[in-house]
Amino acid sequence: MREFDYTRAETLSGAADQLGEDASVIAGGTNLLDLMKIQVMTPSRLVDITRIDGLSDICEDGEGLRIGALVTNSELAADPRVRDGWPLLSRAILAGASAQIRNKATTGGNLLQRTRCPYFYDTAMPCNKRNPGEGCSAKQGDGRMLAIFGTSEHCLAAHPSDMAVALAALKAEVEIRSAEGDARRIPIGELHKLPGDRPDIETVLAPDEIITAVYLPAPQADTKQVYKKVRDRASYAFALVSVGVAVAMDDDRIASVSCAIGGVAPKPWTDPELEKALVGQAPSDEVFGQAADKALTQARCQSDTEFKKPLLRRTLIAALREATGLAVSAPGVETARIPA
């Protein structure tokens with residue numbers, strides 16, 4: 001690990017003033033410290049925000065919920081309001097990492113965690129996300145964990161967060177503050193950037209901006225929420241494919257559907273055309289399969305990622321079957337229909 005300066009901020013403005021191109025915010029540090037140890041990230045300054053008031057609270061915001069950026073994953077998943085109104089979020093968080101990591105990892109940090117592409121972690125290999133212009137080793141390498149949507153010739157890395165997928169399906173918003181004290185709220189779908197020709201620029205955050213909260217909108221009445229994750233082992237593994245859906249039914253037809261997909265793109269992947277193809281339809285495997293096939297026309301695979309197409313199709317159909325009542329939840333899996 002390289003030498004760095006450490007600052008403990010007492011206020012948001014004080015933290016933002018310390019930020020810049022070579023500085024990083026630290027809270028739980030579950031991803032950042034690992035990357036610093038292997039010199040994938042080498043900030044000259046760490047700005048500790050864990051003592052700033054108001055960032056560790058979960059509070060009601062109208063009929064929705066405001067989640068402070070320092071709320072830990074464990075606290076968020078266990079909150080009774082989240083479990084009752086947004087069970088998709090609770091389920092997704094519990095599907096990620098170990099209990100020890102969830103006890104330290106924060107809401108803001110989870111959204112900003114870096115890819116688990118093996119070539120990003122291997123400093124002996126060229127990587128445009130680490131050093132723009134070096135090249136992308138993944139294009140000729142092992143692609144099992146790589147993306148199939150939203151990639152570019154410069155980067156094939158996938159975003160690893162389970163929580164972000166759930167928040168995208170729930171139409172959450174992210175609150176951001178700058179050094180000047182200006183605040184803005186953006187849909188979570190606008191937070192992460194696709195790689196294009198600058199894979200190293202992963203979000204829309206300016207160097208002096210900090211995520212301060214996430215807002216959950218009011219849960220839609222009579223909506224069932226489901227999260228499904230497929231991985232190589234039963235626990236502590238990143239998703240090969242994950243699907244979060246929230247579906248409301250009108251008698252025997254789909255009234256509304258919100259869907260986000262993980263493990264397959266540089267950000268939680270959403271497809272308005274997929275959702276549009278489902279609204280108004282009577283649930284069936286044929287309808288779900290046709291919608292999935294339409295979404296998969298956008299997939300761009302390598303030989304190592306071709307398996308993700310049928311895997312995603314099956315996972316999406318399984319999630320939609322459960323959310324529309326064609327299938328029951330597996331034993332021990334928490335899903336919920338929000339009361340009307």
Side-chain angles (χ1 to χ4, degrees), residues 1-6 19-47 96-98 100-101 104-105 109-162 164 192-203 205 207 231-233 235-242 262-269 299-308:
M1 185 180 290
R2 295 185 184 177
E3 185 176 308
F4 59 89
D5 295 329
Y6 171 84
L19 294 177
E21 295 292 346
D22 296 322
S24 293
V25 168
I26 186 168
T30 55
N31 187 208
L32 175 60
L33 292 178
D34 285 343
L35 293 172
M36 291 177 65
K37 289 175 184 177
I38 58 176
Q39 297 187 22
V40 170
M41 292 184 68
T42 56
S44 61
R45 181 187 300 113
L46 292 184
V47 182
S98 64
Q100 293 91 336
I101 289 178
K104 290 294 292 181
N110 190 299
L111 293 179
L112 298 178
Q113 65 180 292
R114 311 296 299 277
T115 181
R116 264 57 181 190
C117 173
Y119 301 101
F120 175 70
Y121 275 74
D122 187 349
T123 56
M125 303 295 291
C127 174
N128 288 320
K129 187 176 284 293
R130 245 189 2 257
N131 297 301
E134 277 195 349
C136 178
S137 299
K139 293 171 68 174
Q140 289 80 38
D142 181 3
R144 182 171 176 77
M145 297 299 294
L146 300 178
I148 61 174
F149 297 106
T151 59
S152 75
E153 62 177 311
H154 301 283
C155 186
L156 305 176
H159 194 271
S161 173
D162 290 286
H192 300 99
K193 301 184 72 171
L194 296 179
D197 60 359
R198 287 298 304 272
D200 57 311
I201 303 176
E202 298 178 350
T203 72
L205 293 178
R231 47 191 164 178
D232 284 326
R233 56 184 184 270
S235 63
Y236 197 25
F238 296 101
L240 296 169
V241 164
S242 64
V264 295
K267 59 188 291 185
W269 192 251
R300 298 294 179 265
C301 301
Q302 300 191 120
S303 59
D304 287 344
T305 53
E306 279 289 344
F307 80 97
K308 286 196 173 188

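Worth saying up front: this structure is predicted, and the values here are computed from it rather than measured.
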Got a donor-acceptor contact below 3.5 angstrom from the Lys267 side chain to the Gly150 backbone? no
Heavy-atom pair of closest approach, residues Gly96 and Asp162: CA-OD2, 3.5 Å
Strictly distance-based, threshold 3.5 Å: is any side-chain N or O of His192 a donor or acceptor partner for the main-chain N or O of Leu111? yes
Has Thr42 got a side-chain atom pairing as donor or acceptor with Gln39's backbone, closer than 3.5 angstrom? no
Mind checking the OG-CZ spacing from Ser44 to Arg2? Nearest 0.5 Å is all I need. 11.5 Å
Tell me whether Phe307 at atom CZ has more than 12 heavy atoms from other residues, nucleotides or ligands lying less than 6.0 Å away. yes
Without placing hydrogens or testing angles, list every side-chain donor-acceptor pair under 3.5 Å for residues 20-27, not counting sequence neighbours.
none

Looking at Tyr121, is Arg114 sitting on its ring face, NZ or CZ under 6.0 Å from the six-membered ring centre and within 45 degrees of the normal? no
Taking Lys308 for its side chain and Leu146 for its backbone only, find out whether a donor-acceptor pair lies under 3.5 Å. yes
Do you know which two heavy atoms are closest between Ala164 and Asn110, and how far apart they sit? N-OD1, 4.3 Å
Under 3.5 Å, side chain of Glu306 to main-chain N/O of Ser303, donor-acceptor pair present? no
Distance from Thr203 atom OG1 to Lys193 atom NZ, nearest 0.5 Å? 8.5 Å
Intermediate values then yes/no, side chain to side chain contact (heavy atoms under 4.5 Å, CB included), Ile38 and Thr123: CA-CA 8 Å; Ile38 58 176; Thr123 56; 5.6 Å; no
For the OG1 atom of Thr151 and the CZ atom of Arg300, what is their distance to the nearest 0.5 Å? 8.5 Å
Determine whether Leu194 and Pro266 make a side-chain contact, defined as any pair of heavy atoms from C-beta on separated by less than 4.5 Å. yes
Pro160 versus Arg116, closest heavy-atom pair with distance: CG-NH1, 3.6 Å
Rounded to the nearest 0.5 Å, what separation is found between the CG atom of Asp142 and the CG atom of Asp304? 5.5 Å
Provide the closest heavy-atom pair for Phe238 versus Gln113 in the form atom of the first, atom of the second, distance. CE2-OE1, 4.3 Å
Sequence neighbours left out, cut at 3.5 Å: what donor-acceptor pairs do the side chains of residues 125-141 make with other protein atoms?
unit_1: Asn128; atom_1: OD1; unit_2: Gly133; atom_2: N; d: 3.1
unit_1: Asn128; atom_1: OD1; unit_2: Glu134; atom_2: N; d: 3.1
unit_1: Asn128; atom_1: OD1; unit_2: Gly135; atom_2: N; d: 2.7
unit_1: Asn128; atom_1: ND2; unit_2: His154; atom_2: O; d: 2.9
unit_1: Lys129; atom_1: NZ; unit_2: Pro199; atom_2: O; d: 3.0
unit_1: Lys129; atom_1: NZ; unit_2: Glu202; atom_2: OE2; d: 3.1
unit_1: Arg130; atom_1: NH1; unit_2: Tyr119; atom_2: O; d: 2.7
unit_1: Arg130; atom_1: NH1; unit_2: Phe120; atom_2: O; d: 3.0
unit_1: Arg130; atom_1: NH1; unit_2: Asp122; atom_2: O; d: 3.2
unit_1: Arg130; atom_1: NH2; unit_2: Asp122; atom_2: O; d: 3.4
unit_1: Arg130; atom_1: NH2; unit_2: Met125; atom_2: O; d: 2.3
unit_1: Asn131; atom_1: ND2; unit_2: Glu134; atom_2: OE2; d: 3.2
unit_1: Glu134; atom_1: OE1; unit_2: Cys127; atom_2: N; d: 3.0
unit_1: Ser137; atom_1: OG; unit_2: Pro126; atom_2: O; d: 2.7
unit_1: Lys139; atom_1: NZ; unit_2: Glu153; atom_2: O; d: 3.1

Scanning both residues in full, the closest heavy-atom pair of Ala147 with Ala157 reads CB-O, 3.7 Å
Taking every heavy atom of Arg231 against every heavy atom of Ser235, the minimum-distance pair comes out as NH1-CA, 4.0 Å
Roughly how far apart are Leu35 CG and Thr30 OG1, rounded to 0.5 Å? 10.0 Å
About how many Å separate CG of Leu32 and NZ of Lys37, when rounded to the nearest 0.5 Å? 10.5 Å
